Amino acid sequence: MKQNVKVNTPIRIRPASPEEAGLFYSELDETADERLGTVGHVRMDFGSSGKGFYHTWWPHNDDQFNTEEFKGELQEVVDVLRADGPLKDLASMRSYCYRNGGEITEDGRCYGYVVDTEHYRYCLRCTPSPGDYQGYLYCYDLRQQQMAQQAKPVGRVTFADGSRMDYTDAQEYLRCIQKELPQHSVTGFRYETLTDDPVVRKQVDDILFDLYGEENPQSLTDYENSSGQGMKMGGM
């Protein structure tokens, strides 16, 4: 990457919050990498002089999100971070981190900064210490994140014969429960609600209570105030 201060993409850098710390490290779980839309990460250091700039690209998700669009924007982001930000040199990184905060480790050795653009998120982990790799820049495709979220199952049903089906459409999932629940003692039908959407969770329980001629005693507000994800119907 050659330094070039001419940038077409609006770049705003903000310190990371402690809750975002996981975005600055590689995911060991491939499914998590896919869910996050991880394009890849760049490992960087300033060399023994503290003024060089050495970098290596590490692909994620089989490098399938590493498009020409992304490559162009990545260059622009790095240009800004090098021009007058934490990637200018080691001394500048140290000064930038101490001025702006963004600690993401308890020992205060590593700092995190986030750049959000229209389609991507860039998470820069800085370790302003000689002898370390001083920078790791993790890159995420926000569109892939959205697609993965939309494809996430809202619920799962199983039967005694071992068959299983995941539902990504809430209404289809609810219709299946309404149809199969009365026969659960014969078919071994079981369901597991995977979404934390309070509306869907309440509708599922409404069906169960209605089966026994009862009214669900919990209101929608009760579901909104609870974190009961992964609700299951056990044996009856």
Side-chain angles (χ1 to χ4, degrees), residues 1 3-46 53-61 63-67 69-129 132-150 152:
M1 296 178 182
Q3 190 166 1
N4 176 4
V5 297
K6 183 180 180 181
V7 177
N8 297 317
T9 302
I11 304 297
R12 296 179 180 85
I13 309 169
R14 65 171 175 83
S17 65
E19 293 76 17
E20 295 174 305
L23 295 173
F24 295 83
Y25 298 87
S26 291
E27 286 284 353
L28 298 178
D29 184 353
E30 290 185 1
T31 59
D33 233 10
E34 183 178 358
R35 185 178 69 253
L36 289 169
T38 315
V39 184
H41 74 268
V42 186
R43 187 181 69 188
M44 300 160 283
D45 70 90
F46 300 116
F53 188 70
Y54 306 93
H55 54 85
T56 305
W57 171 255
W58 296 81
H60 291 236
N61 283 305
D63 217 25
Q64 60 179 313
F65 307 143
N66 188 16
T67 64
E69 173 199 47
F70 166 74
K71 291 175 183 176
E73 187 174 280
L74 173 62
Q75 182 68 64
E76 293 183 339
V77 170
V78 172
D79 286 347
V80 169
L81 295 173
R82 292 196 64 200
D84 56 2
L87 293 183
K88 185 175 183 179
D89 53 39
L90 181 56
S92 297
M93 174 181 282
R94 186 180 297 116
S95 175
Y96 188 96
C97 292
Y98 294 164
R99 288 197 321 268
N100 293 280
E103 296 90 339
I104 56 174
T105 56
E106 292 184 0
D107 59 10
R109 292 186 69 249
C110 296
Y111 299 76
Y113 301 98
V114 179
V115 173
D116 284 321
T117 65
E118 183 179 2
H119 298 308
Y120 298 96
R121 171 166 293 165
Y122 302 87
C123 297
L124 174 65
R125 184 174 99 228
C126 296
T127 307
S129 306
D132 291 321
Y133 288 108
Q134 283 93 29
Y136 284 84
L137 183 63
Y138 284 84
C139 311
Y140 303 96
D141 189 321
L142 300 178
R143 292 164 298 187
Q144 294 298 325
Q145 283 187 17
Q146 185 178 22
M147 290 173 61
Q149 182 65 32
Q150 291 173 345
K152 183 180 178 180

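For clarity, every value in this text was computed on a predicted model and none was experimentally measured.
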Problem set entry | Residues that Tyr113 engages under ring pair (Phe, Tyr, Trp, His ring centres under 6.0 Å), provided they are two or more places apart | Tyr96

Exercise. Which pairs pass salt bridge (Lys or Arg N to Asp or Glu O under 4.0 Å) with one or both residues in residues 10-25, sequence neighbours excluded?
Worked result: Arg14-Glu20, Arg14-Asp116

For this session: List for me each residue that meets salt bridge (Lys or Arg N to Asp or Glu O under 4.0 Å) alongside Arg35, sequence neighbours excluded, and say none if there are none.
Result: none

Exercise. Can you name the closest pair of heavy atoms from Thr117 and Ile11 and give their distance?
Worked result: CG2-CD1, 4.4 Å

For this session: Give a yes or no on whether Tyr133 atom OH has more than 12 heavy-atom contacts from other residues, nucleotides or ligands under 6.0 Å away.
Result: no

Problem set entry | Aromatic ring pairing Phe46/Phe53, orientation class (parallel under 30°, perpendicular over 60°, tilted between) | tilted

Exercise. What residues, two or more places apart in sequence or in another chain, satisfy side chain to side chain donor-acceptor pair (under 3.5 Å) together with Ser129?
Worked result: none

Problem set entry | Euclidean distance, Leu81 CG relative to Met44 CE, rounded to 0.5 Å | 8.0 Å

Exercise. Between Trp57 and Gly40, which heavy-atom pair has the shortest distance, and what is it?
Worked result: CH2-CA, 3.5 Å

Exercise. Got a sec: does the CD of Glu34 have more than 12 other heavy atoms crowding it under 6.0 Å?
Worked result: no

For this session: Quick one: closest heavy-atom pair of Ala83 and Lys88, and the distance?
Result: O-CD, 3.8 Å

Seminar exercise, completed: Applying ring pair (Phe, Tyr, Trp, His ring centres under 6.0 Å) to Tyr120 and not counting sequence neighbours gives Phe70

Problem set entry | Spacing of Gln145 atom CD and Tyr140 atom OH [to the nearest 0.5 Å] | 8.5 Å

Exercise. Where is the tightest heavy-atom contact between Cys110 and Arg125, given as atom of each residue plus distance?
Worked result: CB-CG, 4.3 Å

Exercise. Excluding sequence neighbours, so at least two apart, what forms side chain to side chain donor-acceptor pair (under 3.5 Å) with Arg99?
Worked result: Ser95

Seminar exercise, completed: Residues at least two apart in sequence or cross-chain that pass side chain to side chain donor-acceptor pair (under 3.5 Å) with Asp89, listed by chain then number, are Ser92

For this session: Please identify each residue that fulfils ring pair (Phe, Tyr, Trp, His ring centres under 6.0 Å) with Tyr122, with sequence neighbours left out.
Result: none

Problem set entry | Test log, rule side chain to side chain contact (heavy atoms under 4.5 Å, CB included), inputs Gln134 and Asp45 | CA-CA 5 Å; Gln134 283 93 29; Asp45 70 90; 3.3 Å; yes

Exercise. At what distance, to the nearest 0.5 angstrom, does OG of Ser17 lie from CD of Glu103?
Worked result: 12.5 Å

Seminar exercise, completed: Closest non-hydrogen contact found for Gly112 with Ile104 is N-CG2, 3.9 Å

Problem set entry | Worked verdict on Tyr136 versus Thr127 for side-chain hydrogen bond (donor to acceptor under 3.5 Å, both in side chains) | CA-CA 9 Å; Tyr136 284 84; Thr127 307; over 6 Å; no

Exercise. How would you list all residue pairs meeting salt bridge (Lys or Arg N to Asp or Glu O under 4.0 Å) that involve residues 132-144, not counting sequence neighbours?
Worked result: Glu69-Arg143, Arg109-Asp132, Asp141-Arg143

Seminar exercise, completed: Rounded to the nearest 0.5 angstrom, the CG-CG distance for Asp84 and Asp79 is 11.5 Å

For this session: Report the distance from atom OH of Tyr25 to atom SG of Cys123, rounding to the nearest 0.5 Å.
Result: 12.0 Å

For this session: Locate the shortest heavy-atom distance separating Cys97 from Cys126; write the atom from each residue and the value.
Result: SG-CB, 3.7 Å

For this session: Would you please name every residue forming a salt bridge (Lys or Arg N to Asp or Glu O under 4.0 Å) with Asp33, sequence neighbours left out?
Result: none

Problem set entry | Atom pair CG/CZ of Leu23 and Arg121 - distance to nearest 0.5 Å | 7.0 Å

Problem set entry | side chain to side chain donor-acceptor pair (under 3.5 Å) partners for Asn66, two or more places apart | Asp63

